[in-house]
Amino acid sequence: MKGNAPAVLLNAGANAAATHRADYDKDPKPYDDGRKTFDFKAGVYGHQTVRSKLEEDQHGKCAYCEVVVPKPYADGHIDHWRPKGAVTQKRGATPVLPGYYWLAYCWDNLLLACQFCNRSNKKTLFPLADPAKRAANHHVDLTVEGTLLLKPDVDTDLDAHIEFVEELPVGRTPRGQATVEVLGLDRLEHRARDMRIAALRDAHAQAWIFAGDPHPAAVKIVSDARRLYAEAPLPQSPFSAMARTFIAANPLPA
């Protein structure tokens, strides 16, 4: 769960959001058809204090794929869970305007995300179970939408929606399937994830080979394997969800 919102969002962000709402209410039609767009303040939602707080809350990891997001962070690594400027139901579809403009500076709508998940895959995608229930503007109740994309800082039962087959995530439910597809989580080549599961596989194999061997080198190998198994499932570790599944299926010797 997230901590408290940074002050810049509560002050400058709240003021900017109020301006967007007022501008829309003055003349909504140009925003609905794309003739006008909102002047989003990247320096507000991408402020250093916002990035630092997201890094702290998410242990420096992408909210979606759990890779460690490389520094220095840029505002491009701040993902709007509900897209701020336009929204697309499915890949290749025409974006719906004007997007969730009133949530551009909302703390609950911001996540730290890697370049691949945010800009290469998710982009403006935000599928709903029933697109007809999409909130068209800030006057509509968001709770009726029926979102398909999982929200990692709120959905605490992620394992119920997505399972791992070795290193590859597979959706168990419609929400899990949509999340994997939207974010491209099941891509076959993911260097950092592949390296992590390779290390776990090696630790598992080496621990079983050298279990019970009194030689100091063998004892160290087994000890290192146990240390990795203890650290890998922790929230601050990269790909901890994958690690939990692998470790549960591949225990070390007693």
Side-chain angles (χ1 to χ4, degrees), residues 1-2 54 57-69 77-83 87-93 95-96 99-100 103 108-135 142-197 200-201 232-250:
M1 296 295 289
K2 282 184 178 178
L54 287 173
D57 290 348
Q58 296 177 207
H59 309 288
K61 300 191 299 182
C62 173
Y64 301 117
C65 74
E66 288 200 283
V67 71
V68 174
V69 179
H77 289 304
I78 305 298
D79 175 65
H80 291 80
W81 185 63
R82 281 184 168 92
V87 60
T88 311
Q89 173 67 17
K90 60 183 179 180
R91 212 174 299 280
V96 176
Y100 299 93
L103 301 178
D108 289 339
N109 196 47
L110 301 179
L111 295 167
L112 182 69
C114 70
Q115 182 84 1
F116 188 89
C117 287
N118 184 15
R119 289 191 167 179
S120 297
N121 278 286
K122 182 172 177 281
K123 300 179 182 178
T124 61
L125 286 167
F126 192 74
L128 302 181
D130 181 1
K133 293 183 178 180
R134 188 177 303 283
L142 289 172
T143 62
V144 303
E145 282 197 323
T147 60
L148 288 177
L149 190 68
L150 293 167
K151 195 166 187 291
D153 61 333
V154 172
D155 293 306
T156 57
D157 57 344
L158 294 175
D159 290 346
H161 295 282
I162 297 176
E163 64 179 329
F164 278 85
V165 179
E166 293 294 315
E167 70 272 31
L168 292 180
V170 178
R172 295 176 182 264
T173 65
R175 293 193 72 197
Q177 292 164 7
T179 300
V180 169
E181 193 280 326
V182 165
L183 298 166
L185 297 180
D186 58 349
R187 65 191 188 276
L188 294 177
E189 185 175 346
H190 189 306
R191 178 173 170 77
R193 187 177 67 191
D194 293 346
M195 291 175 63
R196 190 62 165 176
I197 199 164
L200 288 167
R201 286 175 180 143
L234 298 177
Q236 60 266 35
S237 297
F239 314 110
S240 56
M242 176 192 72
R244 286 196 306 272
T245 301
F246 180 88
I247 289 171
N250 299 276

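All residue numbers in this chain count up from 1 along the given sequence.
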task = Start with the C-alpha distance between Leu103 and Leu142, add both sets of side-chain angles, then the distance that settles side-chain contact (heavy atoms from CB on, under 4.5 Å), and finish with yes or no.
result = CA-CA 11 Å; Leu103 301 178; Leu142 289 172; 3.8 Å; yes
field: Full working for side-chain contact (heavy atoms from CB on, under 4.5 Å) between Leu54 and His77
entry: CA-CA 10 Å; Leu54 287 173; His77 289 304; over 6 Å; no
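Taking every heavy atom of both residues into account, Glu66 and Ser240 meet most closely at OE2-OG, 2.6 Å. The two atoms that bring Ile78 and Leu110 nearest to each other are CG2-CD2, 4.0 Å, heavy atoms only. The minimum heavy-atom distance between Cys114 and Val69, with the atom names listed, is N-CG2, 4.1 Å. Across Pro235 and His59, no two heavy atoms sit closer than the pair O-CD2, 3.5 Å. Arg193 approaches Pro169 most closely through the heavy-atom pair NH1-CD, 3.5 Å. Scanning all heavy atoms of the two residues, the minimum distance from Thr173 to His161 falls at OG1-ND1, 2.7 Å.
Contact check for Gln89 versus Val96: no side-chain heavy atoms found under the 4.5 Å cut-off. The closest side-chain heavy-atom distance from Arg187 to Phe116 is below 4.5 Å.
Taken from CG in Leu150 to CG in Asp157, the straight-line distance is 8.0 Å, to the nearest 0.5 Å. Rounding to the nearest 0.5 angstrom, the gap separating the CG atom in Leu149 from the CG atom in Leu183 is 5.5 Å. For the atom pair CD1 of Ile162 and CG of Leu168, the computed distance is 12.5 Å after rounding to the nearest 0.5 Å. Expressed to the nearest 0.5 Å, how far CZ of Arg175 lies from CG of Asp155 amounts to 4.5 Å. Atoms CG and CG, from Asn109 and Asp79 in turn, are 8.0 Å apart once rounded to the nearest 0.5 Å. Taking CG of Asn118 as the start and NE2 of His80 as the end, the distance is 9.5 Å to the nearest 0.5 Å.
Of the possible polar contacts, none joining the Lys123 side chain to the Pro83 backbone as a donor-acceptor pair under 3.5 Å is found. Between the Lys122 side chain and the Val182 main chain, no donor and acceptor come within less than 3.5 Å of each other. No donor-acceptor pair under 3.5 Å is formed between the side chain of Glu167 and the backbone N or O of Ile197.
Using a cut-off of 4.0 Å between Lys/Arg side-chain N and Asp/Glu carboxylate O, Glu163 and Arg172 are scored as salt-bridged. Classification of Glu181 and Lys90 as a salt-bridged pair fails, no side-chain N sitting under 4.0 Å from a carboxylate O.
Judged by the 6.0 Å distance and 45° axis criteria, Arg196 is not positioned over the aromatic ring of Phe239.
When the options Lys133, Arg134, Arg82 are evaluated for a side-chain hydrogen bond (donor to acceptor under 3.5 Å, both in side chains) with Glu145, the one that passes is Arg82.
No side-chain donor from either of Asn121 and Tyr64 sits under 3.5 Å from a side-chain acceptor of the other.
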